[in-house]
Structures are given as C-alpha cells and as structure tokens.
Amino acid sequence: MTYLDDRIWISELPDHVGETVRLAGWVYNRRSSGKIQFILLRDGSSRVQCVVSPDDVGDEKFAELDRVTMESSVWVRGTVREDKRAPSGVEVTIHDFGIIALAAEYPIQKKDHGVDFLLDHRHLWLRSARQETVMRVRSTAEEAVHDFFRERGYLRVDAPIFTPAACEGTTTLFETDYFGDSAYLSQSGQLYNEAAAAALGRVYCFGPTFRAEKSKTRRHANEFWQVEPEAAFMDLDGCIELAEGLICRMVTDVLEKRRPELDSLERDVSKLENVEPPFPRITYAEALELLSEKGITVDDKEGFGAEDETVLGESFDKPVVVHRYPHWCKAFYMKRDPDDDELTLSMDIIAPEGYGEIVGGSQREDDYETLLKRIDEHNLPPESLEWYLDLRRYGAAPSSGFGMGLDRTVAWITGVKHIRETLPFPRLLNRIYP
RNA sequence: UCCCCAGUAGCUCAAUCGGCAGAGCGUCCGGCUGUUAACCGGCAGGUUGUAGGUUCAAGUCCUACCUGGGGAGCCA
C-alpha cells in the first residue's frame, strides 16, 4: 500500500479525530523551533498544520525535514488531534513522512507581490489561499447555473467557437485562419441559441467568448465566460424574470455552500443576503431621470458611461434592471417596443457596488421584413445571416434571451476588485502568458 | 486609440537640492521544544527597463522608445 491508496483529504480530518491517517499534499510553509517543527500542508481540499518532534519520528527523520522546501510534495502519517490553537480546530502530530518531490526555490513568497509578477506566475499564484478560494466560489457559481437551468427545463446546447462572421457587427473580433478562409472567435452564442431554441424550446449555452477590444479596466477580459439562455415563446418580462432568478440562485447557492470562503475573502455578506426577487425595474428614461436628480446629465448620443452605471448600481441595495434602451445603442436583432419605435425590448442588469453590467438581454425581432431592414441599417452582410433569417421564414416565434458574464458576476459575489482574479488564466490586453 | 502613473538585488521598496547603491523578505550557514507572513545572528546577492542628451558628476534632469499598472471608450 502506498500513499496513493490510503491517504485521506485534509478537509475530512475533523471526522478522524484520534485516528492515525495519511495525507498527501504540498508544504506551503514550514516553521522550526529547533526541536519542534510545524509543517503547513495543503492538498487542494483544505490546509492543516502538522507538528513534528524528534521524539515521534527519530533524530534522523527529523533532520531530513530541513531539506523540505516550500511547495515540496510530501506524504505524512500522523494522529489527528483537536487543538484550540489551530484556526481549523485540528492538527496532525506526525509519526512518519516521505518526500515525494523537493521543490526548487519557490518564486511566490509570503510577503506581498506586485500584480505584474503574480500574473506572470499565475500557474503558481493559483496555489495561494485567496486564489484557491475564489476558484472554489467560481465553481459553485457555475454549478448553480447548471442546476438552475436544468430545474427549469432548459437544455444545454453548446454554441460554436469558430464563427464565419460577426454576431453583432460592432465589436472587434479575433480573426483566425480556417483552412485558408477567415473565421472569427465567437463573441456570443446568441444567434445560434435562437436556432437551438426553435428546435428545443428552452436552451442555454455556457462557454468562453472573445472580444478583441483593447479594454483596460477591472471589468474586462478578452476571453470571458458567458451564460446565454434563449427561450421560444418568451417575452421581455419573462426574460427579466429568468435573469433575476438566475442571479438569485447563484448568490444563494454560494452563500449556502461557500460561506467560509466568503468570510475568508472578507466579503460583506450582508450585501448579498438581500439579493432576492424582485429586483427594482426602471426604464432607460427613468434611469436618466434618476441620474439627473443626482446632478448627472447623460449625453443623448452617448448613453450611460461607467461612472453613470456605478451611480445607478449604488442607488439600489440589489441588482437593478434597466429596460427599454433606445435602439441606437443596441444590437440589430433586438425587437422594437410596439409602444415606442425609438425603444427596444431590451434590458441590462447592473450589479451593486460598482461591478457594472452583468446581464444584457432582449426580446428578438421575429418579423422577417423588419429584421432584413435592421440588417441593412447596421450595414451587415445579409448573405452571412441567411441562416438566421431562415428562423423567421420557417415558423417565426417570439424569442428572448440574455447573456450573463460569469466572471463579472463572480467578481461581484466574491468582492474581488478585478475580473482577472476570477479567471484561472485571464486573457487580458497584452497578456496571454501563461 | 486617448489620459494619468511606475520601471533600482529573486520579491517588495528606499536613496534629501544632481554628490560613495541601501533595507526588509527570500536563498544559504548557525541558533531556538508551540510557531501562526514565527523569531534571533551571519554570508552572498546590482549593466538602476532600453537608446541618446545635459553636466566635473545622473537612479535622480531632458528626449525618444519598450514594458507594465490605473482609468476612459466599448461591452458581459
């Protein structure tokens, strides 16, 4: 029997108090007081302090410990003990241990580092407690997305990454060579979702999307993850309700399953606990009024800026739904408001605390002639959208959906300031390594 | 693309008015039987982002470029 066969996870230690167990993991710190040493071990599930004394392991073994460098991989065998001095409540007294692989001098130290250095070492930075914690929350948020849609009868239908042309003409795309032809990395699965919704009723895709914008802010990454549901026979109100439900589900699941993680990130959970339906709903026009009351004038041709969004978001204690944006600032496929042709049946959801827009969605234009006109108005090539127009030729139906930025949402839920910490390997302007 | 800021030891930073290149952490060596980013003593560690310029003298001032950070626009 080797350490691969009988080791248990550090997270399981509280159930094994008094027993002798085996652990395997990495040494993230070691402290020595001459005749007693403390090995801080992590194995991905949790962290624990192991105590080593020559009385337990013998002088020779004890001296061998001096070779163990930071981040070396080891197995240990020892007795689990309750100890009030330990942050997790348990410690392990080591009887035996083995070095699996000694680590070279580890670049990331216990002192502060600069962002540049950390991002260059992202593959190692992920091992630090804070980054590990954010990844746990992200994973739980993703699970909540899948659970939510499955319970509502939505099918996951994966959209392609390679696309022949822009889904939304305006945004810059990453171009690739596709056997001699140009292809582009998807900036949204939305158009494909509409086709899938006409086949399967209620669908969602969940994957990476790519924007070649040279954005340099804490809210932008050039590769980011989007959840995009689309449902046939759903109107804008249904769409808003769906988005509201999704956000609430993600927040409540994280609060329930990742409370210790949020605490260790020093997230003020009181700001998450009141995130429940209904969210405030205001029209674009009402949002302008609200800003105006606060002495902010928004340029008619510009729309909201980031600062305006922050002010809007901070005006409410939960995410706010802004709907019916003017058509000039929205995509060609959004249906116009039957009550006002200047407006679209669109909505954005703005997160509190300055995290900005986390959801953008709309009811889709389902009339063939109108859609054709919009494609023309936006100077898009109709031939590349023939298949999309087919969806209106063959049994057009009201259809709505939205895109939710996972990374931004996780940034908001965890309270981390920059989206780069919510992505395991963020792709940012001028940064694609590692 | 635009605006602002910063590049000095492996890392984080200091260096007064332009006047000898410094500290902490880490590494290495030594000490310590309850440490919590342990602590104490010691050694080693430098083409000050790059290229020019001003000056008796440049880490410091000037010009250009490179790299990164913060923000804007755009969006999730």
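Each chain gets a letter, A, B and so on, in the order its sequence line appears, and its residues count up from 1. The structure presented is a predicted model; accordingly, all values stated were derived computationally and were not measured.
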Within 45° cone and under 6.0 Å: A:Lys330 NZ/CZ vs A:Tyr325 ring: yes
Ring center gap for A:Tyr333 and A:Tyr388 short of 6.0 angstrom: no
Sugar-phosphate only, base, or nothing, as touched by A:Ile108 at under 4.0 Å among non-hydrogen atoms: nothing
Expected rows: protein N/O vs nucleotides 64-68 of chain B N/O, under 3.5 Å:
residue : atom : partner  : partner atom : Å
B:G68   : OP1  : A:Asn430 : O            : 3.0
B:G68   : O3'  : A:Arg431 : NH2          : 3.4

Proximity to RNA chain B (any heavy atom under 4.0 Å), residues of residues 54-67 of chain A only: A:Asp55
Quiz item: A:Ser215 side-chain donor-acceptor pair to B:C74 base, under 3.5 Å: yes
Side chain of A:Arg408 - closest among B:C75, B:C74, B:G34: B:C75
Base of B:C32 paired with side chain of A:Arg31 (donor-acceptor, under 3.5 Å): no
Touch class at under 4.0 angstrom, heavy-atom based, for A:Thr209 against every strand present: nothing
Donor-acceptor side-chain pairing of A:Gln37 and A:Arg30 below 3.5 angstrom: yes
Whether over 12 other heavy atoms sit under 6.0 Å from A:Glu142 CD: yes
Within the 6.0 Å centroid threshold, strictly below: A:Trp387 and A:Tyr192: yes
Sugar-phosphate only, base, or nothing, as touched by A:Gly305 at under 4.0 Å among non-hydrogen atoms: sugar-phosphate
Listed nucleotide nearest any side-chain atom of A:Glu309, set B:C75, B:A76, B:C74: B:C75
Duplex segments of RNA chain B, taken as runs of at least three Watson-Crick or G-U pairs that stay under 3.5 Å: B:1-7 with B:66-72, B:10-13 with B:22-25, B:28-31 with B:39-42, B:49-53 with B:61-65
Sugar-phosphate only, base, or nothing, as touched by A:Arg420 at under 4.0 Å among non-hydrogen atoms: sugar-phosphate
Mutual orientation of the aromatic rings belonging to A:Phe206 and A:His146 [parallel < 30°, tilted 30-60°, perpendicular > 60°]: tilted
Sugar-phosphate, base or nothing in reach of A:Val227, heavy atoms under 4.0 Å: nothing
Touch class at under 4.0 angstrom, heavy-atom based, for A:Glu91 against every strand present: base
A:Tyr204 ring center within less than 6.0 Å of A:Tyr154 ring center: no
RNA chain B contacts among residues 315-326 of chain A, heavy-atom distance under 4.0 Å: none
Residues in side chain to side chain donor-acceptor pair (under 3.5 Å) contact with A:Glu377, at least two apart in sequence or another chain: A:Arg374
Close approaches to RNA chain B from residues 11-26 of chain A, in residue order (heavy atom, under 4.0 Å): none
Within 45° cone of A:Tyr28 ring axis and under 6.0 Å: A:Arg47 NZ or CZ: yes
Single hit among A:Leu290, A:Ile350, A:Ile296 for side chain to side chain contact (heavy atoms under 4.5 Å, CB included) with A:Asp308: A:Ile296
Partner residues of A:Thr217 under the side chain to side chain donor-acceptor pair (under 3.5 Å) criterion, sequence neighbours left out: A:His220
Separation of B:U27 C1' from A:Met70 CE (nearest whole Å): 12 Å
Sugar-phosphate only, base, or nothing, as touched by A:Ala306 at under 4.0 Å among non-hydrogen atoms: sugar-phosphate
Pair A:Glu91, A:Gln49: side-chain N/O donor-acceptor within cut-off below 3.5 Å: yes
Partners meeting salt bridge (charged side-chain N to carboxylate O under 4.0 Å, His left out) with A:Asp59 (sequence neighbours left out): none
Residue pairs involving residues 278-290 of chain A (criterion salt bridge (charged side-chain N to carboxylate O under 4.0 Å, His left out); sequence neighbours excluded): A:Glu244-A:Arg281
Contact nearer the 5' end of RNA chain B, comparing A:Pro87 with A:Gly34: A:Gly34
Touch class at under 4.0 angstrom, heavy-atom based, for A:Gln37 against every strand present: nothing
Closest-nucleotide ordering on RNA chain B, the 5'-leading residue of A:Gly403 and A:Ser33: A:Ser33
Atom-to-atom span, CZ of A:Arg85 to P of B:U33 - whole angstrom: 16 Å
Whether A:His121 and A:Phe117 hold their rings parallel, tilted or perpendicular, with breakpoints at 30° and 60°: tilted
OP1 or OP2 of B:G70 under 4.0 Å from side-chain N/O of A:His418: yes
Summary of protein contacts for nucleotides 8-13 of chain B, nucleotide by nucleotide, where a base hit scores B, a sugar-phosphate-only hit scores S (4.0 Å, heavy atoms): --BSS-
Residues that A:Arg267 engages under side chain to side chain donor-acceptor pair (under 3.5 Å), provided they are two or more places apart: A:Glu353
Short side-chain donor-acceptor distance under 3.5 Å, A:Thr69 and A:Glu105: no
Contacts of A:Arg42 that satisfy salt bridge (charged side-chain N to carboxylate O under 4.0 Å, His left out) - sequence neighbours left out: A:Glu71
